[in-house]
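Heads up, the thing below is written out as structure tokens.
Quick caveat, the model's predicted, so the values are computed rather than measured. For ligands, and for the atoms within them, numbers begin at 1 and follow the listed sequence. Residue numbers run from 1 in the order of the sequence given.
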Amino acid sequence: MTATAAARLPRVMGIVNVTPDSFSDGGRFDTTETAVAHGRELLAEGADILDIGGESTRPGATRPLVAEELDRVVPVIRELAGEGAVVSVDTMRAEVAEAAVAAGATIVNDVSGGLADPRILEVVAAGDVDYVAMHWRAHADRMRDFTDYSPDGVVETVRRELGERLDAAVAAGIPVERVVLDPGLGFAKEPRHNWELLARLDVLAGLGRPLLVGASRKSFLGTLLRRDGETRPVGEREHAHAALVALLADRGVDVLRVHDVRATRDALAVAAAMKGDP
Ligand code: PMM
């Protein structure tokens, strides 16, 4: 993925979770037909990229079998890539990445940054595709135990740990210009960690690679909007997310990974107009 010029708006990556158990849209698009239809809808709303995933990474989730994950994502990727969409596969598994690339995916989005299955780095290198390396510390069933960022604090620690993943990717043969980095909002992060990272994306940009940010519908937004001790439900966080998108528009983010493509596009249009670039 080539870096977007600083003045350009972020690109929009629409999420297609082909899972029965995602926290944000679990079960709504868990057949090939519903997932493909959802992908087409997101493209019509202005998505630049579709991110297709078959494993829920919500806190506490258990992992699907490899065969299940393959069955979920490969037919959807084949169909949407065949229609000309730019497709990313959201997987931590080398085997799934390999099949996804063969089916037409041109981006491998690995939330583990190569830690869960290091062979994925070789698959990406051999496949000559882009690689999103997210900051990650443990699988979803254990990540709540890994939120200690002392002594250096979350921003510096994530910068260092992401830098190590970038080095590992390059050492495995992935050209550096193919790598995009992601702070991994919500993954082994308390709400305050997510806000600190969002406020200091410039530090992560110092690693010299484009950034992808995924905040859409995440629980730190629900916590922010809490009233009377009740966290705001997952389907009622899109206005806060749109406000965040507008604020991120000129922070050098290259890709926004979102559920609500239309609201994201609207927020980016407002940000562009405010910069005199409607
Ligand atoms: N978040 C989720 C899944 N995949 N990939 C990247 N690169 N960054 C993220 O922040 C990210 C991801 C979990 O959220 P979802 O259940 O809404 O897809």
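Remark: among candidates Glu55, Met134, Lys218, His259, the nearest residue to atom 17 (O) of ligand 1 is His259, based on non-hydrogen atoms.
Arg237 places a side-chain N or O within donor-acceptor distance of the main-chain N or O of Arg217, the cut-off being under 3.5 Å. For Arg165 (side chain) and Gly113 (main-chain N/O), a donor-acceptor pair under 3.5 Å exists by modelled atom type.
Residue-to-ligand polar distances keep Thr57 apart from ligand 1: every N/O pair is separated by 3.5 Å or more. Considering backbone and side-chain atoms alike, Ser216 places every N or O at 3.5 Å or more from each N or O of ligand 1.
For ligand 1, the atoms closer than 4.0 angstrom to any heavy atom of Phe187 are 1 (N), 2 (C), 11 (C), 13 (C). If you number the atoms of ligand 1 from 1 as listed, the ones under 4.0 Å from a heavy atom of Asn109 come out as 5 (N), 6 (C), 7 (N). Near Val111, meaning under 4.0 Å from any of its heavy atoms, are these atoms of ligand 1: 4 (N), 5 (N), 12 (C). When each atom of ligand 1 is checked for a heavy atom of Asp90 under 4.0 Å away, the hits are 3 (C), 4 (N), 12 (C).
When non-hydrogen atoms are compared, ligand 1 lies under 4.0 Å from the side chain of Leu212 (C-beta onward) but not from its backbone. At a heavy-atom distance under 4.0 Å, only side-chain atoms of Asn17, from C-beta outward, approach ligand 1.
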Intermediate values then yes/no, side-chain contact (heavy atoms from CB on, under 4.5 Å), Val158 and Tyr149 | CA-CA 8 Å; Val158 168; Tyr149 291 94; 4.2 Å; yes
I would like to know whether Asn17 and Thr19 meet side chain to side chain donor-acceptor pair (under 3.5 Å); could you show each step before the answer?
-> CA-CA 5 Å; Asn17 283 328; Thr19 53; 5.0 Å; no
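Within the 4.5 Å cutoff, the side chain of Glu98 has heavy atoms near those of the Arg119 side chain. Taking 4.5 Å as the limit, some side-chain heavy atom of His241 sits within range of a side-chain heavy atom of Thr264.
No heavy atom of Arg217 sits closer than 4.0 Å to any atom of ligand 1.
A donor and an acceptor atom, one from each side chain of Thr91 and Glu69, are located under 3.5 Å apart.
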